[in-house]
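Every chain is numbered from 1 and lettered A, B, ... according to where its sequence line falls, protein lines coming before strand lines. Hydrogens, waters and symmetry mates are skipped; everything else that's a heavy atom, side chains included, is used.
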Amino acid sequence: MEKGLPAVSMRNITKTFGSDVIANDSVDLDIYRGEILSLLGENGSGKTTLMNMLSGIYFPDSGQISIDGKEVTIASPKEAYELGIGMIHQHFKLVDVFTAVENVVLGLEEKGKLDLDSAAKRINEICDTYGFDVDPKQKIYDMSVSQKQTVEIVKVLYRGADILILDEPTAVLTPQETDKLFAVLRNMKEDGKAIVIITHKLHEVEAISDRVAVLRKGKFIGDLVTKETNAQEMTNMMIGHAVELNIDRPEPIDPRPRIRVDGLTVRTQDDILKLDDVSFTACSGEILGIAGISGCGQKELLEAIAGLQPIESGSISYVQDDGSYESLIGKDPLEIAAMGVSLSFVPEDRLGMGLVANMDLTDNMMLRSFRRGRSVFTDRKTPKNLAEKVVDELDVITPGVSTPVRKLSGGNVQKVLVGREISSAPTVLLSAYVVRGLDINSSYTIYDLINQQKKNGVAVIYAGEDLDVLLELCDRILVLCDGKVSGIVDGRLAEKHQIGRMMTSLGGDELG
Amino acid sequence: MFDLISFIPRAVVQSVPLLLGCTGETISEKSGSLNLGIPGVMYVGAISGVIASFFYEQSCGGQVNPALAIIFPLLACLFGSLLMGLLFCFLTVTLRVNQNVVGLAMTTFGIGFGNFFGGSLIKLTDSEVPSIALSATSHCFSKALPFADDLGWFGKIFLSYGFLTYVAIAIALVTAYILKKTRTGLHIRAIGENPATADAAGINITKYKYLSVCIGCMIAGLGGLYYVMDYASGVWSNDAFGDRGWLAIALVIFTLWRPNIAIFGSLLFAGLYILYLFVPTGGNMAVKELYKMLPYVVTIIVLVVTGMRNKRENQPPEALGLPYFREDR
């Protein structure tokens, strides 16, 4: 393929945080117009950092960036925009209480009066060109994740960007929304724009990109033409050694009902119905997956079981081995945890629930165990040993167990959280988004951990975002749609688009 | 009988310092800076004006030129408040010190600063009472339109005030317009809501924060100046300004960060603040004190109500009180 002059060429880019974290180590990267480039790498491999330097959020310690062959320095996001570079961040950079159009014109220093109406008109034109659907007058907090992402893309296009960077754009989308996004990206490619998509989902790389560039531990490993490579080769480059790409799914051994949920209805404080008449049974030695678009009640369901969410009606009971029932309703979270029900929830910001960012690993381990202490003084030795064990067994990358959790990269934080929850030897493991934002290697470590628990006879409830994983990991999948049970399917037989449809409409029939 | 025609003008003059303080604090808070130093800033604004006018009156021996008598204290007041604003910004924006700590320290400092120089001036005059009277300057500040008296109750309620009253209302209206309708306002609000977003959109956070806080402080400082020169008829006595600065901050919450509402909000607060003077309490101090609590009770009620309604637009700016550092991970 004749490529011509690269739109962006980065040479010898190095960036360090503090004295000991090297995020990028003399990286060379070329980005061409009319091409979609996938930037592939594990967590902490420096993909986002590299792109942040291109979009002016960070400034490189050394190295040279050229745009269309001209050497430039990008000191701020504004200068990046002026050079035609726009980045759609993983965590959306939108002001919630503003409307779409206000967010789009934000930061533009145009002459004359602020004219939101003509800006709205231009937004509609952009939408028509590429096939988006945005209401310029809608408030951001009223929008779905996919709509917010669209606003982000429109914002970048409105500024005339022709080099677009998307940081894990599909992490929060349903398969249908992803297809729509990819169609738009292809339109933009045809339009001669240079597009970089940061991801660690290999099938997406294969679906959308023309070229793949791989980073590993901050270093540029190489680039490949997508058509000429395959998932195994890319993974090997990413990890540095061969990795088995299949998720293990052992047959459940002696499954018995463990948690029975019947007619569960939950309403939030703002009187929004979050769960409506949900019933199911989770069995020991089995992984029950929960699928659904974000915000459709998975979180509330798990919290209700863990005793964190007040419920309106229905029952939740814990079934003992001898078949006797014990209701979990009315028990406080501590009592429920003492019965062996353990919740590991990874929220969008990864740190919100379960771990205290400013405390070190040992202290975070203590959050689970300090109540068991008998004396006035805390026992720091056991949690320290546990922390060391978790670090050791799960390959947590940290300077030591006395490092504040906040300084760890996202994947490592999650390993600490899951490691701690599993260490308490639960009989029911509730896990939500435990691999959110994790790279392949770490994800597989966590799948292994979960499978290990399953083999030990734990009833695992796994709420996840990635349908491919749900389909490979879970024995049964409960699909939620708007807080109602859309159906429970067999993980071995179900098909991805069928679940996708069930997520968006009850039973999944209407759309055929 | 409740005398409305004398009550309203009293409430209006009482409301002006609150309105100016509230407008200033709103601008600052909209940019994400919770400036609890406002009470101190108002003291500094007041005493700066007093110092300037004291020396001007001394130098011309009572025969003041009205224009200069207004300009000197005004400039001194704005300058003093500006310095306080710069101090707040330098500490919280540039050095990223905790805003609450800086704000409270500035309030303590400002009140002390005011009382120290007030006390010094009182010493200089060798007066019998612990206060300074700047009646000539005050006369210029509080001069109402000459025909206001001829218009009966209408003139009394609407036209009987010094020029700063109308300036205060104008500032509130202009501020509301700028915050809501202009690009600058959009940028300021974005910074207060989500600085990372504003930054990624190419807005110069440091510039806007300095600008908002400093202008906010200067407006609030005017409130202090108004209090001494107009409301108190040019009489400075230590600690007389009282807790009006805190009332102004409470008013920001009460008005849901909208300076145009603050015009009425400040009038309501001021009315409640002086209600005890107009309601026959029969010299019962306890009842009097209960009446004085009213503005604060109303603030709490508003907080409860807005908290329950939970409408997103009525919530405080999301990043209020948080320092911003681009490369923070």
Side-chain angles (χ1 to χ4, degrees), chain A residues 15 17-18 21 23 48-49 52-53 55-59 75-82 86-89 91-99 101-116 119 139-142 152 155-156 159 268-271 357 406-410, chain B residues 26 29-32 98 174 176-209 211 256-258 304-320 322-329:
Chain A
K15 174 79 189 171
F17 291 105
V21 186
T48 306
T49 309
N52 272 338
M53 282 186 275
S55 63
I57 304 275
Y58 297 151
F59 194 75
S76 70
K78 201 171 164 180
E79 289 180 37
Y81 275 127
E82 280 159 14
M87 181 154 170
I88 289 110
H89 295 269
H91 305 290
F92 299 138
K93 306 247 178 208
L94 295 172
V95 180
D96 276 348
V97 294
F98 285 11
T99 59
V101 60
E102 282 176 322
N103 267 292
V104 168
V105 299
L106 191 63
L108 288 175
E109 301 281 358
E110 284 170 335
K111 290 243 148 46
K113 225 175 142 260
L114 180 65
D115 185 355
L116 292 178
K139 288 268 162 91
I140 298 298
Y141 61 77
D142 277 336
E152 282 278 20
K155 185 165 100 181
V156 169
R159 278 141 215 262
T268 61
Q269 286 176 337
D270 318 332
D271 212 35
R406 139 180 78 85
K407 294 208 170 153
L408 270 53
S409 82
Chain B
T26 303
E29 287 196 14
K30 274 289 177 189
S31 77
N98 183 307
V174 169
Y177 178 80
I178 289 178
L179 284 177
K180 203 164 160 53
K181 295 279 182 195
T182 67
R183 195 163 278 124
T184 312
L186 191 68
H187 293 178
I188 290 175
R189 282 188 290 143
I191 292 168
E193 292 291 338
N194 192 336
T197 297
D199 194 19
I203 297 171
N204 186 336
I205 304 235
T206 310
K207 181 181 106 184
Y208 274 104
K209 277 210 165 193
L211 210 67
L256 306 172
W257 293 266
R258 291 189 183 93
V304 170
V305 170
T306 53
M308 280 191 322
R309 294 227 354 248
N310 209 9
K311 197 169 166 230
R312 287 293 293 270
E313 281 84 356
N314 293 345
Q315 298 304 310
E318 213 169 306
L320 184 61
L322 305 173
Y324 176 69
F325 177 46
R326 184 185 291 165
E327 300 209 4
D328 209 4
R329 305 232 295 174

Do you know which of [options] has the most heavy-atom pairs with chain B at a distance under 4.5 angstrom?
{"options": "N52(A), L106(A), V97(A)", "result": "L106(A)"}
{"options": "K155(A), K139(A), E82(A)", "result": "K139(A)"}
{"options": "H89(A), M87(A), K93(A)", "result": "K93(A)"}

Output yes when a side-chain donor or acceptor of [X] lies under 3.5 Å from a complementary backbone atom of [Y], and no otherwise.
{"X": "N194(B)", "Y": "E318(B)", "answer": "no"}
{"X": "H187(B)", "Y": "G107(A)", "answer": "yes"}
{"X": "T49(A)", "Y": "A23(A)", "answer": "no"}

Is there a side-chain contact between N103(A) and I140(A), using heavy atoms and a 4.5 Å cut-off?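 Counting from C-beta outward, N103(A) and I140(A) do come under 4.5 Å.
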For the residue pair E102(A) and L186(B), establish whether any side-chain heavy-atom pair is separated by less than 4.5 Å.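 They are in contact (side-chain heavy atoms under 4.5 Å apart), so the answer is yes.
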Contact part of L94(A) toward chain B, heavy-atom cut-off under 4.5 Å: side chain, backbone, both or neither?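 Contact with chain B involves the backbone of L94(A) alone.
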Residue L108(A) versus chain B: region with a heavy atom under 4.5 Å: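 Looking at L108(A), just its backbone touches chain B.
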